[in-house]
Engineer: 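The structure is given below, and queries will be raised subsequently.
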Amino acid sequence: MTKFSDLNLSDKVLKAVAETGYDTPTPIQVGAIVPALEGRDVLGIAQTGTGKTAAFTLPMITLLGRGRARARMPRSLVLAPTRELAAQVAANFDAYAKYTKLSKALLIGGTSFKDQDKLIDKGVDVLIATPGRLLDHLERGKLILTDVKVMVVDEADRMLDMGFIPDIEEIFKRTPFTRQTLFFSATMAPEIERITNTFLSNPAKIEVARAATTNTNIKQGVVMFKGSSKPKEPAEKRDLLRQLIVAEGDACTNAIIFCNRKSDVDIVSKSLNKHGFNAAPIHGDLDQSHRTRTLEQFRDNELKILVASDVAARGLDIPAVTHVFNFDVPSHAEDYVHRIGRTGRAGRKGTAIMICTSRDEKNFADVESLVNEQIPRLDSPMGKAAPAAAAAATDDAPKTERPKRTRTRRKPAADDKPAADTAQQAAAQQQQEQPKDEAPREAKPRRERAPRQQTPREDTPREAAPQQQRNDNQRDNNQRDNNRGRGGRGNNNNNRHNDNKVVGLGDDTPAFIALSFADRAKV
DNA sequence: AAAAAAC
C-alpha cells in the first residue's frame, strides 16, 4: 500500500505528517499529490472528509519549499467559501508546514485589515482567503497576485451556490496563467465545468466516491412529525428534539443540530439551554469573533451541542462528533449529505437523526432520492403520549419565538391525521415519485451529478419491493426502540468505542485540529 | 425560502 513516504513529499512535510500519526494517504491524497508535485493542474472531485485539505496543502508546502516571498506578492493562494473553512485550511497549513519557514496570511472578513495588511507587506508564501475579503484587498491595491505559482480553489461547488463564481473568475484573471491550479469540487455542475475548462490546463482528474451517504459509519434515521396544532407545532418540535437527544443517552457525547433558518438556530439554542442542555448557536449573523469562539468551545468539548445554520454544514471538521440532528430537512438535498458528514468522520461511528414535518415531505423525498436509499423511519419518542408531551412543551417557548402574527389559516381536515399516517403517506408518495427521475424536467443543472454517482449499488429500482423494505425498516425501528430502554443502541453498542479505529488522513482529523484557535494562532 | 460572503 502506498505510504506518504512514497510520494516525493519533502522531508519536512513528511516529518510533520508523521507526527499527526498517519502514514497512509487517502485515495484523493494519492491521486492529487503525485500530479501536483509534477507541477500539473489537478481537478479533484471529492467531498470533504476524504482528505482533500491535505491533498493540496502537502504538495503545496513541498513545492514552495524553496524560494521566498516578496512583499505584497504571495507565492500561492487558497480560496475557500466560508471563513471557518479558510481558518481550517490555515490550521492545516500551520501543522504541516511547522518544519518549514513558510509564512502565511489568513484573509477573511469580519476581522481587521490591519493585521492582514501587515503580513501581506512582509510578504507571504501562502495566502488563504475567502473571495470577498481577497478582492477587497486587491482593490485597495495592496496586494498583487502576479507572483502566484500555485492557486487552490476549494469547495468550488459551494462557491457556485454562494454566487462566488464571478469573483473566482476575477481572481483567476489576476494571477499569471503560468500558475499551477489545484481545483476541488464535490460536483461538476455546468458552470464549474466551464470554469475548469477555462482556467485549468490538461488537469489530472481525480474522483473519489461520495463521502457521506455511502459512509456506512453513519447510522441514519428520520422521525415523521406533526404538531397537535399549527401554533403548537414549533414548541412540540423542540420538545421532540430534546427527547431524541435524551433517547440517545450516553452515546451522544456531542452533537450538531442543523436548522434551515438563522432565526430557528437562535430559538432552538435558547430553548435547549432553557432546558438544561449545553448548547450555543452559530450562523452568519453572529460576529466573527463569536463564531470563532463558539467553534473553539465545541472543539474543546466545553460545548456539547452546536446549533448551526448551513454555515457549518460543509467542510467543518470537528473530530468525534457523535451525533447530527437535522431539526429541519434541508431544502437542498445536497446539504443533507454535507450536514450528516459532520459525523462519522475518519472511520468513527456517527448517528444522524432528522425531523421531518409534513411541510418537509417534498424536500425529504429529494433527500432520499439523492442518497438513493430509504432512510429508516424511527418511531417518535413522544409516541402516543403526544398530548402529555405537548403539555410539557408549554413551559418552553423562549420569548423571541412567540408568533407575532396570528394568521391562523386553517388547513384542510386531511392534515389532522396522526403523524404515523402522514409518515406512511410520505413514504408512499415518495415511492410514487421515484420513477419520474427520468422525466425530462427542464434541462437545468442539479442533475449533473447523476452520471457520476458511481456508488456500487447500481440503479436498483427502489419500487421493486417497496412493501418488503418498509417492513424491514419497521422491524429495525422496533428493535432500535427496545434497545433504547436500556440506554443502548443495540449490540454493536458494546464495540462502539473499541471499534473506532481512526483511519485515513481525513480532511483535518489529525489531533492538532482539536486545538483551540488560540493555540494555533502562533506565528 | 434561506444561507453564505466585503465594507
Side-chain angles (χ1 to χ4, degrees), chain A residues 48 77-90 105-117 120 127-143 153-171 174 185-186 189 191 234 256-269 281-292 294-295 306-316 326-339 342 356-367 405 407 446:
Chain A
T48 53
L77 173 62
V78 180
L79 294 172
T82 68
R83 298 166 184 176
E84 277 77 8
L85 280 174
Q88 204 166 264
V89 171
L106 176 61
L107 306 189
I108 60 175
T111 53
S112 90
F113 278 95
K114 231 175 73 184
D115 301 342
Q116 297 176 2
D117 278 340
I120 291 170
L127 209 53
I128 300 157
T130 46
R133 180 53 76 97
L134 181 73
L135 282 174
D136 210 339
H137 276 283
L138 286 171
E139 270 148 30
R140 289 151 32 114
K142 293 286 201 153
L143 177 62
V153 179
D154 198 10
E155 305 259 339
D157 55 323
R158 186 159 193 214
M159 304 245 197
L160 174 66
D161 288 348
M162 292 167 63
F164 279 162
I165 292 303
D167 292 349
I168 299 300
E169 282 191 83
E170 175 62 28
I171 294 165
R174 291 179 185 239
S185 182
E191 189 70 349
I256 304 179
I257 298 169
F258 285 104
C259 306
N260 287 1
R261 288 170 215 77
K262 289 181 278 196
S263 57
D264 282 333
V265 168
D266 288 329
I267 292 167
V268 168
S269 175
I282 187 166
H283 58 67
D285 279 357
L286 300 170
D287 71 67
Q288 190 55 39
S289 60
H290 192 292
R291 280 162 64 171
T292 307
T294 300
L295 207 52
L306 185 68
V307 189
S309 70
D310 279 319
V311 70
R314 300 202 198 193
L316 271 203
N326 278 300
F327 186 73
D328 299 306
V329 178
S331 41
H332 285 314
E334 195 76 45
D335 286 333
Y336 176 76
V337 176
H338 293 292
R339 288 179 178 186
R342 296 316 95 209
C356 178
T357 68
S358 39
R359 273 201 318 279
D360 295 325
E361 279 164 19
K362 172 73 178 70
N363 287 333
F364 181 65
D366 290 345
V367 167
R405 290 158 296 168
R407 189 178 51 164
R446 277 268 119 205

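Letters go in sequence order (proteins before strands), and every chain restarts at 1.
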Engineer: For A/Lys362, is there an ion pair with A/Asp366 - N to carboxylate O distance below 4.0 angstrom?
Structural biologist: yes

Engineer: With no angle test and no hydrogens, is the base of B/dA2 tied to the side chain of A/His332 by a donor-acceptor pair under 3.5 Å?
Structural biologist: yes

Engineer: Counting only side-chain nitrogens and oxygens, does A/Thr82 get under 4.0 Å of the OP1 or OP2 atom of B/dA5?
Structural biologist: no

Engineer: Look at the side-chain N and O atoms of A/Ser309 and state whether any lies under 4.0 Å from the OP1 or OP2 oxygen of B/dA4.
Structural biologist: yes

Engineer: Using OP1 and OP2 only, check whether a side-chain N or O of A/Arg339 sits under 4.0 Å from B/dA3.
Structural biologist: no

Engineer: Rounded off to whole Å, could you give me the CG-to-P distance for the A/Asp366 and B/dA1 pair?
Structural biologist: 16 Å

Engineer: Identify whether any heavy atom of A/Ser331 sits under 4.0 Å from a base atom; if not, whether one sits that close to sugar-phosphate; answer base, sugar-phosphate or nothing.
Structural biologist: base

Engineer: Separation of A/Leu160 atom CG from B/dA4 atom P, in whole Å?
Structural biologist: 18 Å

Engineer: Are any of A/Arg83's side-chain N or O atoms less than 4.0 Å away from OP1 or OP2 of B/dA6?
Structural biologist: yes

Engineer: Using a heavy-atom cut-off of 4.0 Å across all strands, would you classify A/Gly163 as base, sugar-phosphate, or nothing?
Structural biologist: nothing

Engineer: Can you check the A/His283 NE2 to B/dA3 C1' distance for me, whole Å?
Structural biologist: 11 Å

Engineer: What is the distance, rounded to the nearest whole Å, between atom CZ of A/Phe258 and atom P of B/dA2?
Structural biologist: 19 Å

